Amino acid sequence: MDTTVTSTSQSAIELYYKGLEEGKLKARRCKDCGEHTFPPTGCCAHCGGWSLDWVDLSGKGTLLFATHNISPACHPRFEPIAPYVYGHICLDEGIIVQAIVQGVKATPEDLNQLFQRGQTPVEADILRMDDLPVLAFRIIR
Amino acid sequence: MRNRLKEEIVISGVGCSRFGDLLETPGLKGLSLQEVTANAVREALDDAGLSGQDLDAVYVGNAMVHSSQLPGTYSQLSKWIGAELKSGVHFDAQCSTTNVGAALAAMSIASGVYDTVLVVGFETTRTKVKGFSPYEREALQHKETWLWTDMAVNQAYGVPQGYDIFSTYNGLVALGYCRKYGLSIEDYDKGMFELCRTRRLHGSMNPKANIQQTMEDKASELGFSSSYEMWQSDEVNPFVAWPSRLMSLVTIADGASAMVLTRADIARANKSQPVQLKGFGISYRDLPWYDEDPTLWDFDRRSATQAMEMADIKATDINYLHTHDCSHISGICTAEMIGYLPSGKGLAAARDGELRYDGKRPMSTHGGRHAFGHAWAASAGSDTYEAVLQMRGMAGKRQIPKRPEISVIHTHGYAMIGTTIVLGGV
Ligand SMILES: [Zn+2]
C-alpha cells in the first residue's frame, strides 16, 4: 500500500488547455500497455494503469461524419458561433474524438455535400473562444 | 460476475404521474413536486396493496437537483408517503435512474436483507423553484435545462469544447446509420416521420402522455395539407442536427414514477398481478459513446446481454420492447442490436406499421420520449409502468392485442449508462 502524497501539483485538465493555447494536443501514453489516453487523465483508459508519459499528438485525422448543432447552443460559451458543424473524427493515432469542424457552413446543403464526399482528411485548428482555447478541426482541401 | 439473482423478485406495484408541465398541464398544475411524487407512490402502493409502513427501504432518484431543489429526498418525502423510520437513499443514474433503482432493490431483496423496497424517480425539466417559494414554480429556460442536464456529461473536456447532445446523439448516429445500410437521406427522413407518427399515435391513446395529439391532427390544426408536409416544414420541424429533425427528439417534461419490488413468495398475497423482474444489466461509458461506427454502442450491447443472460431469454422471446428514444434513431439502433428488429430494417418496420401497438413488433406504446415525454429520473419508471400495464392487459385503447409475456426495457442514463431490464409473467 502506497500512502505517499502525490507530488504532482498541476491538473491534467489545466495542462491540456494550456497545451491547446500553444497549439499542442497533450495526451498520455501508458507505460504498461502503450495505449494513448486522450484527452488526458491520470489513469490509462485501456488497462487502468497509473504510470503514464505525456506525449503530443499529431493533430491529423480523418473526418468520418459531420452534422451540426442547435442554436442557441446548449452551452453559453458557444452562443457566439452557433449553429456550428460538429464532427466524428478518427485521429491518425487511432483515437476517436468529436469536435467542432471549422470552415464548413452549418446548412443541410453543405453538410449533405460533405456526407456524399465521404471520409475527409482534417487537421487540428484550435478555436479561441473568449475564455478557453478549444480543440477544433479544419478540412485539408 | 455471477450475474444471477438468488431469489425470484417481482414488481408488485407501479405508479406514474402524467408527464407534462407543473405550471400548465392538467393533473400536474397547482401541485407541488412533493405531491406529484407522492401521488405516483400512492398509486404504486395501492397497486401492491401496501402502505408506506410495509416498506423496508425507499430508494429515491432525481437527476437535476438544480430545478427540484430537493436533495436528501428519502427524508423530505417520507411524511408525504407515510414511510418514516425506514432505510433510504437518494441516488441517480440520470435517465436510467428508476430502472437502476429496480436492479438495486432486487439485489438488496435477493441478498436476504430486505423484503419490500419502494423505488421512486421524479424530475422537473420544464419548471424550477421560483425564488425562495416553498410552492411557487416558474418556467425553466431552454438554456438552463441543457446547461444543468449536461452537467452529467464529461465536464473536463466534452461540454467545455462544444459537445452537443443533438449532434452526438442524433445527427452523427443518423449519418452512420445511412452510410452503413446505404439508406438515402430522403428515405431516412421518411422513416423518421413514420416513427414519430407511430409514437404520437400511441401518445394520443395515453391519458398520461405529455403530447396527446396525433401528427395528423397537429398538421390540420396548423393548416398543412398533409402531415408529411408539416414534417418537412423548416418552421415546425427544423433540422436540429442534420439530418435529424426536431420531432425526432425528446420532449422535456415534469413527472414522477414509482414501483414496489418484493419477494415473489410474499407478493402472492398482494393486490394486483405481480410481474417478475427476470434480469437486468447495467453498463456505462464516457464520451465518445461509440467508436468508428456511430450505430454500435458497446455499453448497450453489454447491458442487454447481461440482462438477457440473467433472464435466460433470447431476442425471439421478446413480445414488447422499449428502447431509450430520446433520440429516435438511437432507439432504432438499440432495438436492432438487441435483435428485436432486423439490422438496417428498423425504419422500414416503422413505415410498415410493425412498431404500432397492434403491429408485429410493438415498441414504446406509451408514446416514448417524444410523445409520453421525458422527465429524466422518472422516465425509466414510466417505461416499466407501461410494460406492466401491457403485461396485465390494462393498457386501454393502446393494449397490445396478445398480452406480452416477455418485455424488455432499455434506457440510457446520461452520459451514458445503458440499462436493460427483462420482465416476465410470474
Ligand atoms: Zn494502459
Side-chain angles (χ1 to χ4, degrees), chain A residues 11-14 16-17 20 38-41 45 62-79 81-90 94-102 106-112 114-116 118-119 126-127 129 131-136, chain B residues 141-151 153-180 183-186 188-189 232 234 238-246 249 285-295 327 329:
Chain A
S11 161
I13 303 174
E14 184 180 356
Y16 167 84
Y17 287 106
L20 286 187
F38 179 80
T41 68
T62 305
L63 177 64
L64 304 175
F65 298 104
T67 181
H68 76 303
N69 86 317
I70 57 163
S71 179
C74 289
H75 194 284
R77 177 172 297 124
F78 297 99
E79 268 176 41
I81 62 163
Y84 50 81
V85 174
Y86 198 69
H88 190 54
I89 293 154
C90 184
I95 300 158
I96 296 288
V97 295
Q98 296 193 333
I100 293 171
V101 179
Q102 304 189 75
T107 63
E109 295 74 28
D110 287 38
L111 291 166
N112 197 5
L114 200 53
F115 179 62
Q116 301 307 335
Q119 299 191 353
I126 308 309
L127 181 60
M129 303 307 296
D131 63 333
L132 195 73
V134 166
L135 176 61
Chain B
Q141 301 305 307
H142 165 91
K143 277 193 284 189
E144 290 171 313
T145 302
W146 289 112
L147 186 67
W148 292 345
T149 300
D150 284 350
M151 285 183 182
V153 187
N154 192 311
Q155 285 288 312
Y157 303 113
V159 171
Q161 299 189 94
Y163 158 86
D164 181 288
I165 182 172
F166 305 108
S167 314
T168 295
Y169 208 172
N170 290 272
L172 294 171
V173 179
L175 293 171
Y177 192 88
C178 290
R179 173 71 28 91
K180 187 172 180 177
L183 198 67
S184 72
I185 298 295
E186 291 71 28
Y188 167 80
D189 205 27
Q232 291 190 298
D234 278 344
F239 290 112
V240 289
W242 184 85
S244 287
R245 294 182 185 270
L246 183 63
L249 312 184
R285 187 174 178 180
D286 192 1
L287 288 172
W289 301 328
Y290 38 86
D291 300 312
E292 281 202 29
D293 178 354
T295 70
S327 149
I329 188 59

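Fair warning: this is a prediction, and the values are worked out from it, not measured in the lab. All values below were derived from every heavy atom in this structure, side-chain atoms included, with hydrogens, water molecules and symmetry-related copies excluded. In what follows, chains carry the letters A, B, and so on, assigned in the order in which the sequence lines appear, proteins first and then strands, with residues in each chain numbered from 1.
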Proximity breakdown for A:Pro40 and chain B, heavy-atom pairs closer than 4.5 Å: both

Would you compute the distance between atom OG of B:Ser167 and atom OH of A:Tyr84 and round it to the nearest 0.5 angstrom? 6.5 Å

What part of B:Ile185 gets closer than 4.5 Å to chain A, counting heavy atoms only: side chain, backbone, both or neither? side chain

Quick check on A:Ala66 against chain B: is it the side chain, the backbone, both or neither that has a heavy atom closer than 4.5 Å? backbone

Evaluate the side-chain proximity of A:Phe115 to B:Pro243: yes if any heavy-atom separation is below 4.5 Å, no if none is. no

Of all of A:Asn112, A:Val85, A:Leu132, which one pairs up most often with chain B through heavy atoms under 4.5 Å apart? A:Asn112

Under a 4.5 Å heavy-atom cutoff, which of B:Gly162, B:Gly171, B:Pro294 has the most pairs with chain A? B:Gly162

Does any backbone or side-chain atom of A:Asp131 lie under 4.5 Å from a heavy atom of chain B? Answer side chain, backbone, both or neither. neither

Looking only at heavy atoms, the pair that brings A:Thr67 and B:Ala241 closest together is OG1-C, 3.1 Å

Contacting region of A:Ile95 [heavy-atom separation from chain B under 4.5 Å]: neither

Less than 4.5 Å apart, side chain to side chain, heavy atoms only: is that true for B:Thr168 and A:Gln98? yes

Please look at A:Ile13 and chain B and tell me whether the side chain, the backbone, both or neither of the residue comes under 4.5 angstrom of a heavy atom of that chain. both

Between A:Tyr17 and B:Pro160, which heavy-atom pair has the shortest distance, and what is it? OH-CB, 3.5 Å

Given side chains that start at C-beta, do those of A:Pro76 and B:Lys143 come closer than 4.5 Å, heavy atoms only? no

Correct closest heavy-atom pair for A:Cys74 and B:Phe166 would be SG-CE1, 4.0 Å

Could you tell me which non-hydrogen atom of A:Phe65 sits nearest to which non-hydrogen atom of B:Gly176, and how far apart they are? CZ-CA, 3.6 Å

Distance check, rounded to the nearest 0.5 Å: A:Phe78 atom CZ versus B:Gln161 atom CD? 7.5 Å

What is the ring orientation for B:Tyr290 with A:His88, classed by angle as parallel under 30°, tilted 30 to 60°, or perpendicular over 60°? tilted

Let me confirm one number: the CG-CG distance from B:Leu175 to A:Leu64, rounded to the nearest 0.5 Å. 11.0 Å

Heavy-atom pair count under 4.5 Å with chain A, highest-scoring of B:Phe239, B:Tyr163, B:Trp242: B:Trp242

